[in-house]
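Structure record follows, encoded as structure tokens.
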Amino acid sequence: MTDSTELNAKARELIPGGVNSPVRSCRSVGTEPLFIRQGYGSRIVTVEGKEMIDFVLSWGPLLLGHAHPEVLRAAHEALDRGSSFGAPCTGELDLAELIIDALPGVEMVRLVNSGTEASMSAIRAARAYTGRNKVLKFQGNYHGHVDSLLAQAGSGMATLSIPGTPGVPEDTVKDTLIAPYNDVQAVRDIFAEHGKDIAALILEPVAGNMGTVLPQAEFLSELRRITREYGAQLIFDEVITGFRVAYSGAQGYFGVTPDLTCLGKIIGGGFPVGAVGGHREIMEIFAPSGGVYQAGTLAGNPVAMASGAATLRTLARMDYAELERRTREFASELQQILSSQAGPIHLNCIGSLFTLFFTPDPVTDFASAQKTDTSLYGSFYRQMREYDIYLSPANFECTFTSFAHSDEDLHTALEAAKKVRL
Ligand code: KE4
């Protein structure tokens with residue numbers, strides 16, 4: 001079998017929906033996934049041998065592009081010494097030190113295997129540290145498939161939650177409170193009512209899971225002030241934004257320091273790595289220094305640590321401002337090209353990530369993001385894929401650039417967009 005169509009058929013026999021993560025299924029853009037054989041720089045190659053310019057980059061981890069030589073070298077050197085020991089290795093110290101040195105809100109860090117584990121552990125630590133149970137999150141924010149965070153606003157009482165998926169008992173989300181993103185007054189009202197019971201407020205400081213949605217002025221600083229006033233822990237889920245919007249993350253970019261930070265994606269350089277970090281007093285709460293149990297067989301895996309450390313060391317030398325300038329210019333030109341066909345399109349862009357919403361109105365929260373015409377996005381996605389441009393197969397995700405994308409790559413993508421008919 002050398003054809004994605006045949007492989008998809010086989011995959012559906014072996015794996016639910018044929019994929020190991022739902023968004024890869026391309027169902028929301030009306031097509032089937034391509035099987036990928038190889039990646040290098042800004043490019044991926046399908047099993048059919050079709051080379052494409054990649055703007056998904058494994059959903060964010062590959063800010064240096066695919067198969068970066070320094071990352072590959074570090075991973076190969078580590079692998080040659082063995083794949084896993086289940087015992088401390090120096091690579092864990094290397095990666096921990098790089099994260100702590102980069103992020104203002106991180107004095108200590110626990111390395112885990114995914115962003116989901118990071119946010120799950122952060123919530124547990126905040127609850128233990130405060131002795132409280134309630135957690136406030138925002139509509140449209142995704143923090144991994146943590147039961148208590150797979151919640152959606154209940155009808156009517158928008159504050160109270162109902163399970164966001166089958167399999168999560170109502171009891172599991174009874175302590176999960178929900179507010180609209182960017183709605184500071186809603187947060188103030190929730191804290192006025194529940195403040196003494198709220199252990200933590202968790203958010204994506206730049207939302208990436210309803211498409212890219214930016215924090216409005218004072219939103220983050222107000223959340224910092226309110227959580228401090230009520231003694232709740234402020235958790236920044238920087239799984240996407242960490243080392244992406246800036247080397248110092250969104251907390252450095254916006255100058256707001258959280259109590260806890262969740263990380264993933266980039267810090268593994270393409271290997272499964274997550275992390276929860278924060279001020280020393282709360283981090284010491286994790287076993288075995290404290291009583292909060294948290295564990296993982298492959299946490300701190302030496303090959304993943306080597307890949308992550310090589311990635312961060314290389315990123316520390318890169319010009320983020322220049323990449324943001326190039327990305328903003330590219331995304332704006334894309335917006336103009338498509339608007340000439342589909343009418344006004346709204347663009348949200350920061351750092352090296354952006355989302356085009358097929359709606360003329362500003363997108364500042366989940367409700368406004370829902371106004372995007374996802375069928376138009378699907379048509380855009382399918383046509384661009386025909387022109388060998390590989391975009392996020394879902395409108396409620398981010399499109400990513402990398403330090404591996406050349407001006408020629410971006411020009412090629414713009415020329416392809418000119419051929420799209422919406
Ligand atoms: P993982 O468990 O997938 O490593 O991380 C979960 C997670 C946590 N927090 C944020 C802000 C995230 O964006 C994610 C995962 N992002 C998704 C899509 N945006 C990854 C792609 C997928 O689910 O396949």
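Indexing begins at 1, ligand by ligand and atom by atom, following the structure's order. Note that the numbering runs from 1 along the sequence shown for the chain.
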(request) Give yes if a backbone or side-chain nitrogen or oxygen of Glu397 is under 3.5 Å from a nitrogen or oxygen of ligand 1, and no if not. (result) yes
(request) Would you indicate which of Ser114, Gly115, Cys398, Gly144 comes nearest to atom 5 (O) of ligand 1 when only heavy atoms are counted? (result) Gly115
(request) Not counting sequence neighbours, which residues clear side chain to side chain contact (heavy atoms under 4.5 Å, CB included) with Phe366? List them please. (result) Gln139, Met210, Gln370
(request) Check whether more than 12 heavy atoms from other residues, nucleotides or ligands sit under 6.0 Å from atom OH of Tyr293, and answer yes or no. (result) no
(message) Quick test: of every protein heavy atom, which one is nearest to atom 3 (O) of ligand 1, and how far off is it to 0.1 Å?
(response) Thr116 OG1, 4.6 Å
(request) Under 4.0 Å from a heavy atom of Ile240: give me the atoms of ligand 1 that qualify, with their elements. (result) 13 (O)
(message) Given 3.5 Å as the limit, does a donor-acceptor pair link the side chain of His405 with the main chain of Phe55, or not?
(response) no
(request) Look only at interatomic distance and state if Val239 has a nitrogen or oxygen under 3.5 Å from any nitrogen or oxygen of ligand 1. (result) no
(request) Kindly confirm or rule out an N or O of His143 lying under 3.5 angstrom from an N or O of ligand 1. (result) no
(message) Is the distance from the ring center of Phe286 to that of Tyr129 below 6.0 Å?
(response) no
(request) For Glu204, take its heavy atoms, then give the atoms of ligand 1 lying under 4.0 Å from any of them. (result) 11 (C)
(request) For the residue pair Ser4 and Glu48, confirm or rule out a side-chain donor-acceptor distance under 3.5 Å. (result) yes
(message) Looking at Glu51, I'd like to know if its CD atom is crowded, meaning that more than 12 non-hydrogen atoms belonging to other residues, nucleotides or ligands lie closer than 6.0 Å.
(response) yes
(message) Quick test: of every protein heavy atom, which one is nearest to atom 12 (C) of ligand 1, and how far off is it to 0.1 Å?
(response) Asn209 ND2, 3.7 Å
(message) Using a 4.0 Å heavy-atom cut-off, which part of Lys265 comes near ligand 1: side chain, backbone, both, or neither?
(response) side chain
(message) Is the contact between Val23 and ligand 1 made by the side chain, the backbone, both, or neither, using heavy atoms and a 4.0 Å cut-off?
(response) side chain
(request) Tell me, yes or no, whether the heavy-atom count around Arg382 atom CZ, taken from other residues, nucleotides or ligands under 6.0 Å, exceeds 12. (result) yes
(request) Measure up the Phe354 and Phe330 rings against each other and bin them: parallel (under 30°), tilted (30 to 60°), perpendicular (over 60°). (result) perpendicular
(message) With heavy-atom distances below 4.0 Å as the criterion, list the atoms of ligand 1 near Ser21.
(response) 22 (C), 23 (O), 24 (O)
(message) I'd like to check the salt bridge (Lys or Arg N to Asp or Glu O under 4.0 Å) partners of Arg313; sequence neighbours left out, ordered by chain and number.
(response) Asp94
(request) Consider every N or O of Trp59 and every N or O of ligand 1, then say whether any pair is closer than 3.5 Å. (result) no
(request) Ignoring hydrogens, tell whether any protein atom lies closer than 4.0 Å to atom 9 (N) of ligand 1; use the non-hydrogen atoms only. (result) yes
